[in-house]
Number of protein chains: 2
Amino acid sequence: MNVQPCVFIVDDDEAVRDGLEMVMETVGLACQTFGNAERFLEDYQPGTPGCLVLDINMPGMNGDELQTELIRQNIRLPIIFLTSYGDIPMSVRTIKAGAVDFLTKPVQISQLIECIQAELQRIAQLQEQNKGDEDFRKRLNSLTPREMEILPLTIKGIPNKEIAQKLGISFRTVELHRTNILRKTGAANFLELAGQCEAIRFSIETKHENT
Amino acid sequence: MNVQPCVFIVDDDEAVRDGLEMVMETVGLACQTFGNAERFLEDYQPGTPGCLVLDINMPGMNGDELQTELIRQNIRLPIIFLTSYGDIPMSVRTIKAGAVDFLTKPVQISQLIECIQAELQRIAQLQEQNKGDEDFRKRLNSLTPREMEILPLTIKGIPNKEIAQKLGISFRTVELHRTNILRKTGAANFLELAGQCEAIRFSIETKHENT
DNA sequence: AATTAACTACGTGTTAACACGTAAGAGCTT
DNA sequence: AAGCTCTTACGTGTTAACACGTAGTTAATT
């Protein structure tokens, strides 16, 4: 299930691509190179772990625009900009948009490597954290629609009687659903469950109240 | 209770200070100027709303260091850097450290004003959001040390008996503390309280378990 | 047609939570 | 010394939560 993280290099200069590819091999990092932003967008499988070393000035879509497109597609691949023709406003804009770093050519290879490795390490940590959440998400998905409806109300601290009234069913039925929710999620009680839901940023949308 | 937000200008160049001060007056923004970072640190009252327009190159403590010091003191005043001698690594570093923008002299006044006003508006919105939380925070602060200790355990869903065992006291006493916590916070139950604590990002630090 | 899953409802019993009391010792302030 | 807060502990009672059953209807699936 765990995929080896990969360094994606997007630069229109073949010499740069080859040079960086060699460096990555040397330090033992998996690496893929692309001659332009479009090719990368086509080939990249969302979810693949790694980081993106991105040039700015390229024919066709430039690095700036690629970043924007990735954000639009909600692809949160960490980006390290690496460019010859950068300026301060550009660096400010890209960093504020979430880029990890903004390096200028000629770059100190050691600096780039350090930056990449720090980022890959950070990703590994995130993946580790999310591992435990996977099971929980699965268990959440095993809930029936009705249970999913009751869960947020319960977590908000609304007592069974009120939930029953709001849904127009018996409070005993609500009780049953709650029991099933606890059984399915494996939580000991709803406080614990609420904590887990918060931990995975499980957004709880409650329908607008009529009462 | 609501204080007028203020633009703090820190620059060693008197001409710049005077010029900016005049501009601020023109657009109707309250403004305070400082000739060096040390003076600002002395005078600034933590909590005062506003934003900081900060030069980098100054005798004594420079802008970079002032930012670091403010972060160290947990003062989250938004910073707009404004400098003649900036470079890309510096802009990257400061932005990553949380600065709002990094502008270079000579600056387009319209750009600076726009940036400041956007920031002040953002602050105003934050203050509006935090208003409702103020009461809750006050009520949280009215809790005794022991209650503060029990609160996070309870919110995690740990039953009274276990809490009692962990603290080496009777579970009835834990029950009493819980009741008092609910009474003081005004919450109907701990699920509701947990939600409120999350809403204000009330960090719950639990001591490392021994059992 | 039979099976399965989901939603509904109710009964019974146990445990946990919560409200309302009393009371006593420690520590601090006035 | 008196008053105050915090912490501790217990008793009593009510309510809510939870576990374990049975059982009917509906809808989709096989």
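Here is how names work: the chains are called A, B, and so on, in the same order as the sequence lines, proteins then strands, and each is numbered from 1. Side-chain atoms are counted along with the backbone in the values below, which use heavy atoms only and exclude waters and symmetry mates.
In this structure, the CG atom of B/Leu151 is 17 Å from the C1' atom of D/dT7, given to the nearest Å. Regarding B/Asn160, its CG atom lies at a distance of 13 Å from the P atom of D/dA9, rounded to whole Å. In this structure, B/Met148 atom CE and D/dC6 atom P are separated by 13 Å, rounded to whole Å. Rounding to whole angstrom units, CD1 of residue A/Ile158 and C1' of D/dA16 are separated by 15 Å. The interatomic distance linking A/Leu191 (CG) with C/dC18 (C1') rounds to 14 Å, in whole Å. As rounded to whole Å, 16 Å separates atom C1' of D/dT26 from atom CD1 of A/Ile169. Rounded to whole Å, atom P of C/dA19 lies 10 Å from atom CG of B/Asn189. What separates CG of A/Leu167 from P of C/dA9 is a distance of 10 Å, to the nearest Å.
For the pair B/Thr144 and D/dT7, the criterion of a side-chain N or O lying under 4.0 Å from OP1 or OP2 is met. A/Thr173 has no side-chain polar atom (N or O) that falls below the 4.0 Å cut-off from OP1 or OP2 of C/dC10.
The shortest heavy-atom contact between A/Met61 and A/Glu69 is CE-CB, 4.5 Å. Here the closest heavy-atom approach between residue B/Ile95 and residue A/Val92 is recorded as CD1-CG1, 3.8 Å.
Each of B/Glu175 and B/Pro145 has a nearest nucleotide on DNA chain D; the 5'-most of these lies closest to B/Pro145. If you find the closest nucleotide of DNA chain D to A/Ala188 and to B/Asn180, the one lying nearer the 5' end belongs to B/Asn180.
Around the CD atom of A/Gln111, the shell of radius 6.0 Å holds more than 12 heavy atoms that belong to other residues, nucleotides or ligands.
Closest approach to the A/Thr179 side chain among C/dA17, C/dT8, D/dC18 is made by D/dC18 (side chain taken as heavy atoms from C-beta onward). Side-chain proximity of A/His177 to the nucleotides D/dA17, D/dC18, C/dT8 is greatest for C/dT8.
Between the side chain of B/Arg172 and the base of D/dT12, a donor-acceptor pair under 3.5 Å is found.
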For A/Lys184 and A/Glu147: C-alpha separation, side-chain torsions, deciding distance, then whether salt bridge (Lys or Arg N to Asp or Glu O under 4.0 Å) applies. CA-CA 10 Å; A/Lys184 285 183 180 177; A/Glu147 287 162 356; 3.0 Å; yes
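The line from CD1 of A/Ile88 to CE of A/Met90 is 12.0 Å long, rounded to the nearest 0.5 Å.
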